[in-house]
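Scroll down for the structure; my scribbles are underneath it.
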Amino acid sequence: MSDWTTLLEVGGPLAALGGGAAYTRTRHPGVYWSTVGLPLSMARLLGSYGSVMEACGLTVQPSRLRALAVKATTRREVRPVPPRRGVIRPTSTGLRLRLRLAPGQEPADVAASAERLRHAWGVHAVYVRDIKPGVVELRLVGFDVLRKVRMPRRSGGGFLRVPVALREDATAFVRDYRAIPHQLTLGATLSGKSMYLRHLVAGLAPQPVALVGIDCKRGVELAPFAARLSALATDPEQAAELLPVLVKEMEDRYDLVKARQGIAPNTPDEEITSDIWGLPDSERPVPIVLFVDEVAELFLVATKKDEERRDEMVTQLIRLAQLGRAAGIYLEVCGQRFGAELGKGATMLRAQLTGRVCHRVNDEASAKMALGDIAPEAVMAACSIAPERPGLAVVGDTSGGWSRIRTPYLCLADAAQVCRVSAHLVPAMPALSRFRPYAPVQQVGTASPVVRPHPATD
């Protein structure tokens with residue numbers, strides 16, 4: 001009887017400890033990783049590094065000098081050597097370490113063994129990044145960081161750079177308009193596309209840029225940000241009037257650049273430019289970011305007259321996509337589907353949109369429209385996004401690289417408040433003044449009721 005009592009006295013606390021660890025791992029994975037997962041994974045890595053590298057085929061024969069030294073000093077059998085390991089750096093989401101590749105190895109060899117390394121060291125995922133010739137970085141992620149998004153403290157924001165989502169390797173996905181001028185964002189209803197757009201607007205609002213919107217859903221997506229918008233078109237008729245104004249603005253900026261190029265022969269080379277970023281600060285026009293929500297509405301026609309208007313708008317959008325980058329005009333095109341079936345010019349416009357973000361879509365064809373022409377292997381990843389994870393998306397670009405991201409939840413009221421606070425940053429652009437949306441001034445001490453949407457990351 002005393003043995004059973006002793007067993008219960010010992011087993012009770014152990015069971016409670018195990019249950020608490022399981023609960024913490026499920027509900028608070030970051031806490032579990034810092035207290036339990038990190039020490040275990042580091043012990044596995046340090047204790048099995050050589051054998052794991054050998055099992056993965058990442059070891060090489062030692063140099064002749066090293067082989068002679070081993071035989072002379074230890075008389076042991078000369079074994080293959082793994083890549084030289086750098087310092088292990090723990091993080092709040094995993095581990096980081098650098099490997100110096102042996103002669104004859106390449107980063108693809110390590111990347112091909114990422115799944116084996118994940119199982120051997122007991123982590124959620126392993127990602128390989130090329131640092132410099134001969135050196136790669138292993139980023140070990142301890143848990144699913146996309147289940148409950150927490151943006152890193154250092155996210156790399158800046159002028160025309162907006163940290164908008166979290167990558168699956170626990171780094172921030174930054175929308176850099178200088179690097180990728182135009183982007184296409186696709187997603188079905190309730191996929192998180194609007195949350196992604198909300199983050200972009202809130203991130204750009206405090207910056208010295210002009211924000212222009214085309215929202216053919218009567219402005220329901222972009223109207224809450226009216227205080228910060230320089231122009232807003234809420235139907236195809238208004239869009240048909242706004243786009244020629246933007247094209248004219250682009251042409252005027254090119255005239256300014258050309259006037260700057262026609263200068264004296266003794267002018268320094270650094271003052272000769274082919275875009276607005278080479279102009280002096282006092283002469284450089286403010287950048288313009290054009291948001292187009294539900295782009296398919298611009299393509300739909302009912303009459304012959306609508307078809308002519310559609311062709312004109314599509315032509316103007318293509319011109320902005322082809323020539324707008326050097327004039328400081330950037331496009332953010334959003335929709336549920338975007339393919340050749342929309343009509344003339346759709347495929348040509350899509351080809352000019354370098355960046356691609358694909359949320360959950362209703363069919364494989366929609367995923368192919370977004371990613372099939374730049375990263376075919378990412379199509380299946382986009383098709384596997386579950387409805388229970390709104391905000392999850394696959395991002396790619398014309399380099400062929402792709403990754404999964406997820407946008408954190410941002411309340412519509414908070415995003416609108418950022419725009420109201422930044423309303424004084426709306427630049428003076430007379431050509432767009434007649435398209436400036438009306439933004440009522442909220443009285444102090446009163447607050448209009450706000451319908452809070454379902455969190456995009458629950």
May I have the step-by-step check of side chain to side chain contact (heavy atoms under 4.5 Å, CB included) for Val135 and Leu101, ending in yes or no? CA-CA 6 Å; Val135 178; Leu101 302 179; over 6 Å; no
Applying side chain to side chain contact (heavy atoms under 4.5 Å, CB included) to Arg356 and Ile374, what does each step give before you reach the verdict? CA-CA 9 Å; Arg356 308 290 176 86; Ile374 60 172; 3.2 Å; yes
Give the C-alpha distance, both sets of side-chain angles, the deciding distance and a yes or no for side chain to side chain contact (heavy atoms under 4.5 Å, CB included) between Thr315 and Ile318. CA-CA 5 Å; Thr315 301; Ile318 293 174; 5.8 Å; no
Can you check side chain to side chain contact (heavy atoms under 4.5 Å, CB included) on Leu45 and Leu97, steps first, answer last? CA-CA 11 Å; Leu45 194 155; Leu97 70 152; 4.1 Å; yes
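Atom CZ of Arg436 has more than 12 neighbouring heavy atoms from other residues, nucleotides or ligands inside a 6.0 Å radius. Within 6.0 Å of the CG atom in Leu40, the count of heavy atoms belonging to other residues, nucleotides or ligands exceeds 12.
A donor-acceptor contact under 3.5 angstrom links the side chains of Tyr177 and Glu332, judged on distance only. With 3.5 Å as the limit, one finds a donor-acceptor pair spanning the side chains of Arg420 and Gln417. Between Arg218 and Thr234, the side chains place no donor N or O within less than 3.5 Å of an acceptor N or O (distance only, hydrogens not considered).
For the ring-ring contact (aromatic ring centres under 6.0 Å, His included) test, residues two or more places apart in sequence or in another chain that qualify with Tyr196 are His359. Under the side-chain hydrogen bond (donor to acceptor under 3.5 Å, both in side chains) criterion, Ser403 pairs with Arg167, not counting sequence neighbours. For Ala378, the side-chain contact (heavy atoms from CB on, under 4.5 Å) partners are Leu371, Ala375, Val394, Trp402, not counting sequence neighbours. The side-chain hydrogen bond (donor to acceptor under 3.5 Å, both in side chains) check on Arg310 picks up nothing, with sequence neighbours excluded. The side-chain contact (heavy atoms from CB on, under 4.5 Å) test applied to Leu46 returns Met42, Arg85, Ile88, not counting sequence neighbours. With sequence neighbours left out, the side-chain hydrogen bond (donor to acceptor under 3.5 Å, both in side chains) criterion links Thr171 to Asp169. Not counting sequence neighbours, the partners of Ser194 by the side-chain hydrogen bond (donor to acceptor under 3.5 Å, both in side chains) test are Glu221. Scanning for side-chain contact (heavy atoms from CB on, under 4.5 Å) contacts around Glu364 gives Lys368, Val379, Met380, Cys383, with sequence neighbours left out. Contacts of Gln336 classified as side-chain contact (heavy atoms from CB on, under 4.5 Å), with partners at least two apart in sequence or in another chain: Thr189, Glu294.
Inter-residue side-chain proximity for Ile288 and Met250 is flagged as unmet; no heavy-atom pair is nearer than 4.5 Å. Counting heavy atoms from C-beta on, the side chains of Val123 and Leu95 never come closer than 4.5 Å. You'll find the side chain of Arg350 reaches within 4.5 Å of the side chain of Leu184, heavy atoms only. Taking the side chain as every heavy atom from C-beta outward, Pro244 and Gln316 approach each other to under 4.5 Å. For the pair Leu320 and Val247, the minimum side-chain heavy-atom distance is below 4.5 Å. At a threshold of 4.5 Å between non-hydrogen side-chain atoms, the residues Leu166 and Arg406 do not count as touching.
Going from atom CD of Glu251 over to atom CG of Leu256 covers 14.0 Å, rounded to the nearest 0.5 Å. Atom CG of Leu229 sits about 6.0 Å away from atom CG of Leu211, to the nearest 0.5 Å. Note that the CG atom of Leu432 and the CD atom of Glu249 stand 6.5 Å from one another [nearest 0.5 Å]. For the atom pair Thr185 OG1 and Phe291 CZ, the distance stands at 10.0 Å (nearest 0.5 Å). A distance of 8.5 Å separates CG of Leu392 from CD1 of Ile405, quoted to the nearest 0.5 Å. Arg198 CZ to Asp414 CG: the interatomic distance, rounded to the nearest 0.5 Å, is 9.5 Å.
A distance-only check finds no donor-acceptor pair linking the side chain of Gln183 to the backbone of Cys334 [under 3.5 Å]. Judged by distance alone, the side chain of Arg325 and the main-chain N or O of Pro181 form no donor-acceptor pair under 3.5 Å. Between the side chain of Asp215 and the main chain of Val220, a donor-acceptor pair closer than 3.5 Å is present. Arg161 contributes no side-chain N or O that, together with a main-chain N or O of Arg175, makes up a donor-acceptor pair within less than 3.5 Å. Side chain of Ser34 to backbone of Val31: no donor-acceptor contact under 3.5 angstrom is found. Side-chain atoms of Tyr254 come within 3.5 Å of backbone atoms of Leu323 as a donor-acceptor pair (strictly under, hydrogens ignored). No side-chain donor-acceptor contact under 3.5 Å links Ser366 to the backbone of Asn362. In this structure, Ser384 contributes its side chain and Ala381 its backbone to a donor-acceptor pair below 3.5 Å. Here the side chain of Thr91 pairs a donor or acceptor atom with the backbone of Gly94 at under 3.5 angstrom.
Exactly one of Val201, Val174, Asp176, Leu204 qualifies for a side-chain contact (heavy atoms from CB on, under 4.5 Å) with Val162. That residue is Leu204.
Of all non-hydrogen atoms in Asp235 and Cys216, the two that sit nearest each other are C-SG, 3.9 Å. Minimum interatomic distance between Leu317 and Leu331 (heavy atoms only, all atoms of both residues): O-CD2, 4.0 Å. Closest approach of Val357 to Ala393, counting heavy atoms only: CG1-CB, 3.9 Å. Of all heavy-atom pairs spanning Ala205 and Cys419, the tightest one is CB-SG, 4.2 Å. Scanning both residues, Ala321 and Leu349, for their nearest heavy atoms gives CB-CD1, 4.1 Å. Closest approach of Pro390 and Leu190 over heavy atoms only: CB-O, 3.8 Å.
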Show me, pair by pair, the donor-acceptor contacts under 3.5 angstrom made by side chains of residues 138-146, not counting sequence neighbours?
residue : atom : partner : partner atom : Å
Asp144  : OD1  : Leu146  : N            : 3.2
Asp144  : OD2  : Arg389  : NH1          : 3.2
Asp144  : OD2  : Arg389  : NH2          : 2.6

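Every pair passing salt bridge (Lys or Arg N to Asp or Glu O under 4.0 Å) that includes a residue from residues 111-130 is listed here, sequence neighbours excluded: Glu115-Arg118, Arg129-Glu137. Residue pairs meeting the side chain to side chain donor-acceptor pair (under 3.5 Å) criterion with at least one partner in residues 93-107, sequence neighbours excluded, are absent.
Ring-plane geometry between Trp277 and Phe159 is classed as perpendicular, the angle between the planes exceeding 60 degrees on a 0 to 90 degree scale with a lower cut at 30.
We find that Asp311 and Lys344 are not joined by a salt bridge, their nearest charged nitrogen and carboxylate oxygen being 4.0 Å or further apart.
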